[in-house]
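All values reported here derive from a predicted model rather than from experimental measurement.
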Amino acid sequence: MTTTPTDLPRLEVCVGGLRMKNPVTTASGTFGYGQEYDRYFDVSCLGAVTTKSITLQPRPGNKPPRLVETPAGLLNAIGLQNVGLDAYLAEKVPFLRAKQVPIIANIYGKSADEYAELARRLEEAGAADAIEANLSCPNVHDARRARGAVLVSQDCDAVAQYTRVIRSATRLPLFVKLTPNVVDIREPALAAQESGADAVCLINTLLGMAIDPETRRPKLSNVVGGLSGPAIRPIAVKMVWDAAQVLKIPIIGMGGICRAEDAVEFLLAGATAVAVGSMSFRQPDAAVAIIRGISDYLVRHGFSDVCQIVGKVRL
Amino acid sequence: MTEEVFVCSPSIREQRFLLECAVVSNDPVAPSHYRMRLHGPEIAAAAVCGQFCMLEVSKTLQPFLRRPMCFERIHPPTFDVLYKVEGEGTRLLSQFLPGQRISVQGPLGKGFPICSGVRRHILVAGGIGVAAMPALAEELVRRFAAVPEVVLAARTRDDVINEAFFRELGCHVQCATDDGSWGHRGLATDLLEQLKPEAQDCVYACGPMPMMRAVAALTAASGAMCFVSLEAQMACGDGACLGCVVQAKEEREGERMVRVCLDGPVFDARVIDWEAQDDNDAD
Ligand SMILES: Cc1cc2nc3c(=O)[nH]c(=O)nc-3n(C[C@H](O)[C@H](O)[C@H](O)COP(=O)(O)OP(=O)(O)OC[C@H]3O[C@@H](n4cnc5c(N)ncnc54)[C@H](O)[C@@H]3O)c2cc1C
Ligand SMILES: Cc1cc2nc3c(=O)[nH]c(=O)nc-3n(C[C@H](O)[C@H](O)[C@H](O)COP(=O)(O)O)c2cc1C
Ligand code: FES
């Protein structure tokens, strides 16, 4: 006889083929490769760990200063510093596999083919349970972005093309992460869906800038950076809601989630799962409290399954 | 003296805590400078000199990030932080009252290496950099019964902090002020130069970037060991965000950047690319 307490709500979700025991993952770039936070809590309690963006070659990232605190958030211009695919496979994956926590491997490439190669090699190595293609990093200078021009995900044709190429390289669940710096988020979201994405991740950071009046210089060496934290939450919630109106595939919502109530907001707006980002900097074990708090919320409101609240904002 | 370049101190311990600590006291010690004593037995027991902690200055989300502060003194079950009010975060910190609780993450980073066989230990502090030195001086005296040389530099007489403390500990103390109101009129490095560091000496420095660059140059020329405690804007404080990097002179394992929070804040001065460091903090 099973003795599962029936009063504990079901938290399990399935996001585009990825089963998560609860709807909470970490936002890429805010959680290292998981091990950094295992000193504060057992990361195997997460629905999944999303890694820092992985590139084919190691990247040194931007020059410092890379961070500025801003009202209720921060601007960053890390520039995708990461260990590169080989070191990720050799040094980071064994820890995550030992933890038996699903891995969402976030990837970044300079071309569609690079993304495809990353996805293929991650799948071959058994080093990912889902691929999150970061088509939206505001902090790297490459061919597509000369002086504030186009991020891949600002161009629906490029989203479609990149998604198709990555799709053909892997059978893993494919998530496409989009920038909020667009006129209408539904367009790139639909482009991703129609090209074979299994889910979309909303939102990456918003482009921002801060200037020191004393020195009259930008506070970031990169001049501009990506804004994150509670300051961007209402924008993120609205984008999730907008996208949920037109998408059939699930959404992973993120942007300024600090507490369980914030996560519930995203779920109500239509996200199937959420990612905790910058708040982990402030409170390394924030995700744990958020998982527990979602469960408490469901109990308090008489729901038996987290899926019952997805998209259920009362209009 | 060993030829090995220390990237980090051998004193690293991997323990981390995230605890609500009770404020024992929080008193002004000089104009816009305060000392907060916190009751945190686990953190105090695990901390070593030169390490730091991240303090949650507000329960609201503004300011959003914790504030890094090094351990001024580590006397289990308490530890002290000495801070200067710079902006909103430190202003909020100055308003904590005894008995209130504050969330502390730590101990973080790598502290000062404690090397034996050193002829003279020379501690050089500029401005609020003095916050990093008392725990180090206590450790050197305790371990080696050493008589550290201490150079304290500040803008003016009122800002010279901990002079009496170092003297009582048995250190040999010299002061420099920008305006000449106390001790030597001029720079910390003037006094360091007079001490003529040699190859068997070890210099420990914490202060504004121009001072540390000058100390690094001076010690490099003399062959003395030199450890510097650096600052950077931090978000996570523990290696995850890659926000706090500074440029190193050479690549290590394919990596040119070192993280102040995890690889530091204390570095062997030879590791740092001093040319690449900005003087933004015009302290
Ligand atoms: C490892 C480490 C240990 C530190 N230990 C101490 C300490 O023991 N005592 C102490 O008083 N301070 C220490 N600092 C600096 C301290 O963290 C900052 O002064 C503090 O974060 C400023 O917060 P604020 O909200 O008051 O000021 P903000 O409003 O954030 O900034 C006010 C001004 O201070 C400058 N500033 C902000 N952060 C820093 C920083 N990290 N370094 C240099 N300038 C900064 C800003 O550029 C701005 O001009 C340490 C920093 C680090 C990285
Ligand atoms: C310091 C930092 C680094 C980030 N690095 C990445 C990255 O490498 N790849 C990526 O897709 N998103 C990256 N992001 C964006 C986050 O994953 C997330 O989309 C964004 O920060 C919004 O969530 P938040 O407000 O909860 O932080 C980064 C964000 C921050 C703050
Ligand atoms: S502060 Fe995040 S890596 Fe150093």
Q: Check whether the ring centres of Tyr34(B) and Tyr83(B) lie less than 6.0 Å apart, and answer yes or no.
A: yes
Q: Kindly say whether Ala269(B) contributes a backbone atom to a donor-acceptor pair with the side chain of Trp274(B) at under 3.5 angstrom?
A: yes
Q. Which residues, numbered in order, of residues 276-283 of chain A come under 4.5 angstrom of chain B by heavy-atom distance?
A. Ser278(A), Met279(A), Phe281(A), Arg282(A), Gln283(A)
**Q.** Met234(B) portion near chain A, given a 4.5 angstrom heavy-atom threshold
**A.** backbone
Q. Any Lys/Arg nitrogen of Asp129(A) or Arg97(A) sitting under 4.0 Å from an Asp/Glu carboxylate oxygen of the other?
A. yes
Q | Side-chain donor or acceptor of Gln95(B) paired with backbone N/O of Leu92(B) under 3.5 Å | A | no
Q. With a 4.5 angstrom heavy-atom cut-off, which part of Glu56(B) approaches chain A: side chain, backbone, both or neither?
A. side chain
Q: In plain terms, say whether Arg233(A) and Glu265(A) are close enough for a salt bridge, that is, a side-chain N and a carboxylate O under 4.0 Å apart.
A: yes
Q) Does Asn26(B) use its side chain to pair, donor to acceptor, with the backbone of Leu97(B) at less than 3.5 Å? A) no
Q: Against chain A, label Val246(B) side chain, backbone, both or neither, depending on which of its atoms sit under 4.5 Å from a heavy atom there.
A: backbone
Q: Examine the side chains of Ser53(A) and Asn106(A) and answer whether a donor and an acceptor come within less than 3.5 Å of each other.
A: yes
Q) Contact part of Gln105(B) toward chain A, heavy-atom cut-off under 4.5 Å: side chain, backbone, both or neither? A) side chain
Q) Can you tell me if Ser136(A) and Asn134(A) form a side-chain donor-acceptor pair at under 3.5 Å? A) yes
Q) How are the rings of Tyr37(A) and Phe31(A) set to each other: parallel, tilted or perpendicular (split at 30° and 60°)? A) parallel
Q) Are Thr156(B) and Asp179(B) close enough that a side-chain donor and a side-chain acceptor fall under 3.5 Å? A) yes
Q. Using a cut-off of under 4.5 Å for heavy-atom pairs, which of Leu242(B), Thr60(B), Leu18(B) has the most such pairs with chain A?
A. Leu242(B)
Q: Determine yes or no for a side-chain-to-main-chain donor-acceptor pair under 3.5 angstrom, with Thr50(A) supplying the side chain and Thr26(A) the backbone.
A: yes
Q.
Let's test your reading of the structure: which of Glu69(A), Glu214(A), Glu36(A) forms the most heavy-atom pairs below 4.5 Å with chain B?
A. Glu69(A)
**Q.** Choice from Ala87(A), Gly73(A), Cys258(A) maximising heavy atom contacts with chain B below 4.5 Å
**A.** Gly73(A)
Q: Just give me the residue among Gly239(B), Gly237(B), Ala235(B) that pairs up with chain A most often, heavy atom to heavy atom, under 4.5 Å.
A: Ala235(B)
Q: Go through the atoms of Tyr33(A) and report whether side chain, backbone, both or neither lie under 4.5 Å from a heavy atom of chain B.
A: neither
Q.
Looking at chain B, which one of Gly29(A), Gly229(A), Pro71(A) has the largest number of heavy-atom pairs inside 4.5 Å, strictly under?
A. Pro71(A)
